[in-house]
2 protein chains.
Amino acid sequence: MSHTLGVRQAQKQRTRQALLDAALELLEEQSLSSLGLREVTRAVGVAPTAFYRHFPSTADLGVALVEEALGRLHPMIRTTVTPDGDSGERIARAVELIEGHVREYPSHVRFIARERHGGVQPVRAAIQEQLGRFTEEVRAELAKDPQSAGWHDDDLLMLAGLYVDQMLITASQFLETLDAPDGERRRVAETATRRLRLISVGRRHWTAA
Amino acid sequence: MSHTLGVRQAQKQRTRQALLDAALELLEEQSLSSLGLREVTRAVGVAPTAFYRHFPSTADLGVALVEEALGRLHPMIRTTVTPDGDSGERIARAVELIEGHVREYPSHVRFIARERHGGVQPVRAAIQEQLGRFTEEVRAELAKDPQSAGWHDDDLLMLAGLYVDQMLITASQFLETLDAPDGERRRVAETATRRLRLISVGRRHWTAA
DNA sequence: AATTCCGGAGAACAGTTGTTAACTGCATGG
DNA sequence: CCATGCAGTTAACAACTGTTCTCCGGAATT
């Protein structure tokens, strides 16, 4: 079934990935709406017109980047919220996982944070869609937790959204500490942990009115 | 004391404001990092070179917009968190206030949400600074509340940050419902209310360990 | 009343942008 | 082995960008 794709398509996907990588790097210091197609091809070392063989416009390049940054993140999210261990352990695990992800894929995180409210509508929509899926998956995971007994589905969705937003905020705060002294990073981790803890307390004492 | 400034400076501030207004409108469909100086002057009906009489670059224009959007918002924030009435009333009041502000200054809200993580560093810094001031002011207000007895200052700051971030999230969600059916807007208000309520519950049962 | 100041206009610059068309060379499928 | 397909190239286009320098007219100052 895994049809090893020919020399031709392989090379195509290679330059496509090179375009994505170059764009992601250029986007560290600007927004997608100011990213020029020539700028990207120049960085890759390819003719401007070659761009069109892969993307109709830079907006579509952006949508592809959303897939790359968030598409394969769903399993990780799922296992993070899964009800293993006590509340404190789960929170610590989640914060560490976020910190690790930011350290490993900083430009992905930056791109998502930047373009979530950015100037390119299709990209905003793609991000919203992915985040919506995250929220739904978190809700489903929360529903499994015995702690959620008696909770309305609306409230579970509310809580899931709160978690997802908090995840993004934390990630973007870690991002800002990437080339800062270690103490800053510790402080962000500490504050994020306490935020989650407070939400956790609220959750425990929530009355499903 | 109110020295009515001469015809000259009055006219200058007029075109300056016109530049700000035009920029804000153009920024509804793009990011600051792609906003051209000529684009702005063209919209105002003024020569490109006139721009330099007011701002060294579009980045500085952006910083000025941050002041305009957030600078005069501090009193409002302060009174929102002030401990009057019971928790439910305060939450309802806050959500209504956010909704009203978004309806009145949608482009301000959009600009802040967009450029908070945008591609122009000085603007990001200006926004961060204003939000930091908000957080500190909220912390100070929370400290007055008898409910905060025994709270560490760190925890109060954590809670204040949580409120400020939640405020921004809610504002940006209202923004997306601006030209949507009324039901959507009601749903956003409802979810925001419940989020705040959950935080409120967490706050009430917080143990200042 | 004479002089300085200064917001804005005008023209020109080198460099950039997205998009088009027609091409070349090579992997692919018959 | 030959014909087709197609990723990438080359050249050219009109339009646009930020920035400089020189100038103008009228308010502000003396």
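Proteins get letters first, then strands, A, B, ... in listed order; numbering begins at 1 in each.
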Which part of the nucleic acid, if any, lies within contact of A:R42, taking any heavy atom under 4.0 Å across all strands shown: a base, the sugar-phosphate backbone alone, or nothing?
sugar-phosphate
I need the CZ-P distance between A:R14 and C:dA27, as an integer number of Å.
13 Å
Could you state the CD-P distance from A:E39 to D:dT17, rounded to the nearest angstrom?
16 Å
Side-chain atoms of A:A47 come closest, of D:dT9, C:dT17, D:dA7, to D:dT9
Salt bridge B:E136-B:R139, side-chain N to carboxylate O under 4.0 Å
yes
Show the numbers, then the answer: is there a side chain to side chain contact (heavy atoms under 4.5 Å, CB included) between A:L159 and A:W206?
CA-CA 11 Å; A:L159 183 60; A:W206 185 256; over 6 Å; no
Exam field: side chain B:R197 to backbone B:I91, donor-acceptor pair closer than 3.5 Å:
no
Just the rounded figure in Å: distance from P of C:dA12 to CZ of B:R38.
13 Å
Base, sugar-phosphate or nothing for A:R16? Non-hydrogen atoms, less than 4.0 Å.
nothing
Output the single nucleotide from D:dT9, D:dG18, C:dT17 whose closest atom is nearest the side chain of A:V46.
D:dT9
Looking at A:R116 and A:D165, is there a salt bridge between them, counting it only when a charged N and a carboxylate O are closer than 4.0 Å?
yes
Can you tell me the distance, in whole Å, between the CG atom of B:L26 and the P atom of D:dT17?
11 Å
When you check the side-chain N and O atoms of A:H74 and A:Q130, is any donor under 3.5 Å from an acceptor?
yes
How do B:L37 and B:Q9 order along DNA chain D: which one's closest nucleotide is nearer the 5' end?
B:L37
Among residues 48-57 of chain B, which contact DNA chain C at a heavy-atom distance under 4.0 Å?
B:T49, B:A50, B:R53, B:H54
I'd like to know if B:R8 reaches the base of C:dG7 with its side chain such that a donor and an acceptor end up less than 3.5 angstrom apart.
no
Atom NZ of B:K12 to atom P of D:dG25: distance rounded to whole Å?
21 Å
So, OP1 or OP2 of D:dA7: does either fall under 4.0 Å of a side-chain N or O from A:T15?
no
d(CG, B:L32; P, D:dG18) in whole Å:
12 Å
If the plane angle is over 60° it's perpendicular, under 30° parallel, otherwise tilted; pick one for B:Y105 and B:H108.
parallel
Name the residue from A:L162, A:L142, A:T135 that meets the side-chain contact (heavy atoms from CB on, under 4.5 Å) definition with A:L157.
A:T135
